[in-house]
Amino acid sequence: MSKTVSMLATEIDRRRDAIITFLQDLVRASQRGESSVQQIVVDKARTLGCTVETVRYQPGDVPMMEEFAGNAAIDRTERESVVARLTGTGHGRSIIFFAHPDSERVIGTESWRRDPFAASIENGRLYGWGVADDLAGVAISIQALEAVVESGLRPAGDVIVASTPSKRHARGVSALLHRGLQADAAVYLHPAESGIGMREIKAFASGQLEFRIVIEGSPPPTTEPLQTGFAHLAVSAIDKAFVVWRALKALDERRAATVHHARLHKAVGRSTNIMISYISSGQPDRLAQVGGACVLGGAVSFPPPETLSEVQLQIEAAITDAIRGDSWLSANPPQLIWDSGVTGAEIPTDHPLFQTVAAAITAVTGEPPRINPMHTGSDIRHPMVQKRIPTVGLGPLCGDLSQNGHTDEWVDVEDYVRSVKVAASVIATWCGEL
């Protein structure tokens, strides 16, 4: 551990209570709304000598690059990002720390065993709505910057903290990138519910597509309410859906044999999947009637460097080939609806950013970090895909995320403090200090 990194760790230990209190303040403020969280960020960043800009934008107006989402999925309300910049002394590398201040919609709090906005600490865990998703990330960036400033250090390169909305396709960091935000590197600060905490580094994210396929059938020529005896005269949408299903399963197996990424294969023995997760047709209380349309729903995971368009073309071609040999489907082609999609991204382990962050994690935790290749659609992709800015992600141990339908969301307090140490170390070593 270098003298500078050791000094920062000492400063963070000295300020430990204040660092924890800051995260608690964000949790408590979130009950009053996202703007209250952002105001705390603004006020603190200004006291640290940052220039602060608030950027208002419409998520639907942000151009999409290697991603898409249906209109219903995109948040249509005007949003606000906060960008705080500590200007460097010059000749150093710049870095963006980004995290999102918004959380899941607040529902179901009656099932929590603890007050979701009290930010209580029990047995080393800090509980609160959105504390892990992603108020901890916002707090880490500000507290790391404060540790650097309070230690009397001035980075040679600019340090940019972006507290920017993400939930429900709010696309805050994308809005900033398209408005010209630029740096030599970026770090996405967000806990992961993978049980590894600060011993993990996000350096890889698969892409994902979500889709629905609507297959039409035809009822039998009868007015009888009970149609079982006429079933042979109908065209079953369910039967026709299985023609499409079999085609997708065959494509899935072909892709499994030909698409290979070493990290994914080592982790789970496979690099891509087409998963049919939903099927719906007919009415459960009318089992003697032929159902109308059948809807198949599913998702595709795919590794970089595959792109959205490449995978979409394969799905479309498989469906086209399947219906070519079926007279009904040829005359009544299924409707393929693409609901959302993101392209994956990764950073090589020999990249200077990866090496810098990995060294910081090792120095703080005593263990070299592991790469978890199972993150899909991680926000680390945004700077890489849109501006070719190398990006990694890190965050403390957490659990019971509200996003996953759990209650009493928490962040491990000691790992949160360790995250601040790592982020401060990255500032000093990546940007350089005087």
Side-chain angles (χ1 to χ4, degrees), residues 66-70 73 204-219 231-232 234-284 287 290-344 346 372-378 404:
E66 285 298 324
E67 65 171 317
F68 66 89
F204 176 94
S206 287
Q208 179 159 286
L209 277 162
E210 294 185 4
F211 63 88
R212 286 172 293 138
I213 306 169
V214 182
I215 301 101
E216 296 290 344
S218 180
H232 64 293
V235 177
S236 168
I238 294 176
D239 289 348
K240 298 304 179 183
F242 275 100
V243 173
V244 177
W245 179 84
R246 283 191 292 270
L248 293 178
K249 291 297 291 183
L251 174 62
D252 185 33
E253 293 306 316
R254 291 196 300 274
R255 284 179 51 80
T258 57
V259 178
H260 185 270
H261 194 288
R263 284 179 180 164
L264 283 169
H265 193 82
K266 182 179 179 181
V268 293
R270 188 159 170 150
S271 300
T272 180
N273 277 293
I274 301 175
M275 177 180 69
I276 302 300
S277 55
Y278 175 83
I279 182 168
S280 176
S281 183
Q283 302 178 59
L287 299 180
V290 174
C294 183
V295 180
L296 296 177
V300 188
S301 65
F302 58 95
E306 276 198 301
T307 65
L308 284 173
S309 57
E310 291 170 346
V311 180
Q312 284 177 288
L313 286 173
Q314 289 184 28
I315 298 288
E316 291 165 359
I319 295 173
T320 298
D321 288 344
I323 69 176
R324 188 173 289 125
D326 186 289
S327 58
W328 173 262
L329 290 175
S330 296
N332 302 271
Q335 181 186 8
L336 174 59
I337 302 168
W338 297 108
D339 285 345
S340 65
V342 295
T343 289
E346 66 179 317
N372 182 350
M374 301 315 299
H375 292 296
T376 299
S378 170
N404 296 335

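No hydrogens, no waters, no symmetry mates; every other heavy atom, side chains included, goes into these values. Just so it is clear, the model here is predicted, and its values are computed rather than measured.
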task: Any side chain to side chain donor-acceptor pair (under 3.5 Å) involving residues 317-327? Give me the pairs, sequence neighbours left out, ordered by first then second residue.
output: K240-D326, D321-R324

task: State the CG-CD1 distance between L296 and I238, to the nearest 0.5 angstrom.
output: 10.0 Å

- prompt: What is the distance from atom CZ of R254 to atom CD of Q314, rounded to the nearest 0.5 Å?
  reply: 8.5 Å

query: Would a 4.5 Å heavy-atom cut-off, applied to side chains only, mark I319 and L329 as touching?
result: no

query: Hey, are the side chains of E216 and V214 touching, using non-hydrogen atoms and a 4.5 Å cut-off?
result: yes

task: Indicate yes or no: at least one non-hydrogen side-chain atom of I315 is less than 4.5 angstrom from one of W338.
output: yes

message: If I compare all heavy atoms of A322 with all of A247, which pair ends up nearest, and what's the gap?
response: CB-CB, 3.5 Å

task: Could you check if a side-chain atom of D252 sits within less than 4.5 angstrom of a side-chain atom of R270, using non-hydrogen atoms only?
output: yes

query: Is any side-chain heavy atom of L248 closer than 4.5 Å to a side-chain heavy atom of I213?
result: yes

statement: For G292 and S281, the nearest pair of non-hydrogen atoms, with its separation, is O-OG, 3.9 Å

field: For E253, side-chain hydrogen bond (donor to acceptor under 3.5 Å, both in side chains) partners two or more places apart
entry: none

message: Using only atom types and a distance under 3.5 Å, with no angle test, would you say the side chain of S206 pairs donor to acceptor with the backbone of G344?
response: no

task: Taking S218 for its side chain and A234 for its backbone only, find out whether a donor-acceptor pair lies under 3.5 Å.
output: no

Nearest-0.5 Å distance, NE2 of residue H260 to OG1 of residue T272: 12.5 Å

- request: Indicate yes or no: at least one non-hydrogen side-chain atom of V259 is less than 4.5 angstrom from one of F302.
  value: no

field: 4.5 Å side-chain heavy-atom contact, F204 and P303
entry: yes

query: Out of curiosity, Q208 CD to L308 CG, how far, rounded to the nearest 0.5 Å?
result: 10.5 Å

query: How would you list, by chain and number, every residue that makes a side-chain hydrogen bond (donor to acceptor under 3.5 Å, both in side chains) with T343, sequence neighbours excluded?
result: E66

G377 to V342 - nearest heavy-atom pair and separation: CA-CG2, 3.8 Å

task: Taking all non-hydrogen atoms of both residues into account, name the closest pair between I279 and C294 and its distance.
output: CG1-SG, 3.8 Å

message: Can you tell me how far apart CD (E346) and OG (S378) are? Round to the nearest 0.5 Å.
response: 13.0 Å

- request: State the CG-CZ distance between L336 and F211, to the nearest 0.5 angstrom.
  value: 7.5 Å

task: Decide yes or no for Q335 and I215: does some side-chain heavy atom of the first lie under 4.5 Å from some side-chain heavy atom of the second?
output: no

query: Looking at L264 and P373, what are the two nearest heavy atoms and their distance?
result: CD2-O, 3.3 Å

message: On a heavy-atom basis, which atom in V244 and which in P334 lie closest, and how many Å separate them?
response: CG2-CG, 4.1 Å

query: Under the 3.5 angstrom rule, does the side chain of S301 hit a backbone N or O of N273 as a donor-acceptor pair?
result: yes

